[in-house]
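Below, chain A is the first sequence line, B the second, and so on; all start at residue 1. The structure presented is a predicted model; accordingly, all values stated were derived computationally and were not measured.
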Amino acid sequence: MIKFILKGIFRDRSRSLFPIIVVIGGVMLSVVLYSWMKGFEKDIVRANANFRSGHLIIMSKAYSGNSDQMPNDLAYIGCSDLIGDLNNEHPGIIWQPRIRFAGLIDVPDENGETMSQGPIVGLGADLISPSTIEPDVLNLNGAIVSGGLPLKAGEMLITDELAQRLNIKPGQTATIITTTMYGSLTTFNMVVCGTIRFGIAAMDRGLVIADIGDIRRGLDMNDAAGEIVGFFSNGSYLAERAESVAESFNMDNSGSGDDFAPVMYTLLEHSGLAATLKMYKSVSGVLISIFITAMSIVLWNAGLLGSIRRYGEFGIRLAIGESQGHLYRFLIAESTLIGLFGTIIGTAFGLLFSLYLQEVGINISSMLKNASIVISDVLRAQITPTSYIIGFVPGLAATLLGSSISGIGIYRRQTSQLTKEFEA
Amino acid sequence: MENTYLIKTEKLVKVYPMGQQSLVALDGIDLAFTEGEFAGLVGPSGSGKTTLLNIIGSLDVPTSGSAMTMGKKIEELSHQEAAELRNKHIGFIFQTFNLLPVYNVFENVEFPLLLLEYTASERKRAVMESLERVHLQDRWKSKPSQLSGGQSQRVAIARAIVKKPAIVLADEPTANLDAENSHNVLRIMENLNRDLGTTFLFSTHDEKVIGYLRRKISLIDGKAAKDEKITDALKGSN
C-alpha cells in the first residue's frame, strides 16, 4: 500500500510537486528568517563586546560615570597589579587594558606644514606583545585594507575612510594632538602602517588604533588605562558567569568609597544591551511567531485544498471498499510524506542560504552612513540548533493539520455524495 | 428461504430533506434478487434508480424500511462494516468510469485487491485474468487518459469483478458510450454473469441495456411500478 501511495504522490504533480514546492518555500523562508534574526542578535553582542565593552569591563568608579566622554584624567592607575590579580582569580578570562581618547590628527606635507587635519577617536590596545589577543578580538587582519599591522612602537592604523579624507598613505607620518591624563596638551608623531575598515559605520569614520604602550607614553598614562576589558577564553559571552564574576569583584572593591576604585560591569550592563536585547528578542520572537503562523496557515490551506480537491477520488475509493479510517490514515500518511519531504528539502535550502548569509552576509553600509551605533554594516545569519528544527512547525505540523481537518469531510459527507463529486 | 436472496428490500423509503420540504426518492420498495440475476432498474431521471443502487451497495442508508445485502441489514451497518461489505461482495460500475487517473490500468484494477491484502502474485494473476475477460490484457500499462470511453468502461468492469464479487451494481454504465461500445460492454457483462454467476443489477434508461436484461423493474416516482421477467423469447423481440 505504501508503494501505491508513493506512486500516486509522485505521478500526480498537483498532489506532489505543487504542495512540496509550497512547503519547501515556506520552510526555507522560516529557517532563513529565524537564522537571520539570530545572526543579527549575535552581531550586536559581538560588535559591542569586541569594540566597546568586552565580555566584562573594569573602569574606575569616576571614569565609569562619564565613560562616553573618555575622561582619561579619571583613568585607573595600577593596571598591572589589578590584571595580575584578575588572572589569578579568573584564569578562564583574558584581560586587556585599553585607552580611548579623542583628538586631532595632523598630516604634514613635504615641508612639514599641515596638509590636512581632522578629528579622531583613538584606541590604544595591546597590539604588539606576543601574548596579546587584541588583533584577533578587533579582527584587525580581516579589517586591513592596505599596509599591515603595527609590528613595533610608533606605528598606528587608521581607518581607510579617514586616510582617504586626509590623503595619507601607509608609510607616512602624522601627528596626534590630544591631552594627557593630567590635562595638558600633547602631540606625538606616529607612522601610519596600515589602513583598516571594520564595516561599522560609527568606527570607520575616524578611528586611529595604536599600541597601548605608545598611547600611554603620548598621554602620560604610565600603567594606567581607561578600561580593562575581559573576554571569556572560549570567545562566547556567558551571561550568568559574567554576572557572577562582576558581582564578586564589585563586592570585594566596593568598601573603600574611593572614586578611583575599580568597578566591573558586564557586557549587557555597560553597553545598555540588556534592554536592547530584551526588546530585540521580544520583537524578533513576535516577528518569527507571526511569520511561522502565517506560513503555517498557507501550508495548512495547501493541505486543506489539496484534500478537498480529492473528495471525488475518496468517494470512488470508498465505493470500491476502502474504509473511511483507512482512507483518512492514507491521507495523513500522504501529507506526512509530502510535509516531511518538503520540510527536509526546505530546511536544507534554508540552511544553505543561511550559511551563505552567515559567511558572506548582506552589505547595508549605504543605509548606515551616519549611524553612531556599533553595529556591523554586513547583516549576517547565525545557524543555531533551532534553525534545523524550526521549519518542521510550518512544514510538517501545519500540512498535517490541514489534511487532518479537510480529511474529516470523509466522515461527515455521505459516501454517495463523495462519489458524485468525482463525476462532477 | 430468505437466505437465498442476495438482495432484499422491504418497505424501503428514502427521503432527502430539501430545506423546509423533503423529496421522497424511494417510497416503499419491496424487491428481492437471487444469485446470478441480470436485472435492471429502469425509469426516467429522478425515479430513484441510483438511490436504490446506492442503498443496496451500502453507499447510503434508508430513511425507513429495510435493505439487506448479502444477509447484512444496510441500516444497521457501521461505516467499517459497510466498507467490508463493499470490499468483499460488491463491485461498482459508474456512468463516468471513475478510474483513478494517476494509476495505470493494472493499478486501477489491482486497487480492490490491495484492500483485501492479496499477495503480489495473487494480485497479478487476478488482475490479468480480469483484464483478459474484458479483452484489455494488452493495455495493462496504459493510463486512463490513453483509453477510449469503451476501454475505460471495460477497465471499470475489470476492477468491479477482479475480486469476484457476488454482486455488481452498474449505474448507467452505457450512458457515455456509443452504440458499438455499449453492446461490447454489455456482452462482456452478460458473459461474466454466465461464467461467474455474478449478479448484475443495473440502473438505466438505455434501451440497449434493457435489451440485455432478464428482469426489468420499472421505477416511477420512487415506487416499483412493474417487475417483469424477460424470457429469451421476449428478449428476441426487443
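- The CD1 atom of I344(A) lies 14.0 Å from the OH atom of Y388(A); values are rounded to the nearest 0.5 Å.
- In this structure, CD on E76(B) lies 7.5 Å from CE on M68(B), to the nearest 0.5 angstrom.
- Remark: of the listed residues K8(B), K73(B), E75(B), K11(B), E75(B) is the sole one forming a side chain to side chain donor-acceptor pair (under 3.5 Å) with S66(B).
- With sequence neighbours left out, F341(A) forms a side-chain contact (heavy atoms from CB on, under 4.5 Å) with I20(A), I345(A).
- Neither the backbone nor the side chain of K88(B) comes within contact range of chain A, judged by heavy atoms closer than 4.5 Å.
- Looking only at heavy-atom pairs under 4.5 Å with chain A, the residue among R159(B), E84(B), K163(B) that has the most is R159(B).
- Every pair tested for salt bridge (Lys or Arg N to Asp or Glu O under 4.0 Å) that includes a residue from residues 382-404 of chain A fails, sequence neighbours excluded, so the list is empty.
- Scanning for ring pair (Phe, Tyr, Trp, His ring centres under 6.0 Å) contacts around F353(A) gives an empty result, with sequence neighbours left out.
- In this structure, the side chains of F92(B) and N98(B) stay at 4.5 Å or more apart for every pair of heavy atoms.
- The residue among T51(B), N87(B), I55(B) with the most heavy atom pairs within less than 4.5 Å of chain A is N87(B).
- Under 4.0 Å is where a charged nitrogen must lie from a carboxylate oxygen, and between R125(B) and E122(B) no such pair does.
- Contact of Y103(B) with chain A is made through backbone and side chain together, with heavy-atom distances under 4.5 Å.
- Residue-level contacts of residues 105-121 of chain B with chain A, in order of numbering, are E107(B), F111(B), P112(B), L114(B), L115(B); threshold 4.5 Å between heavy atoms.
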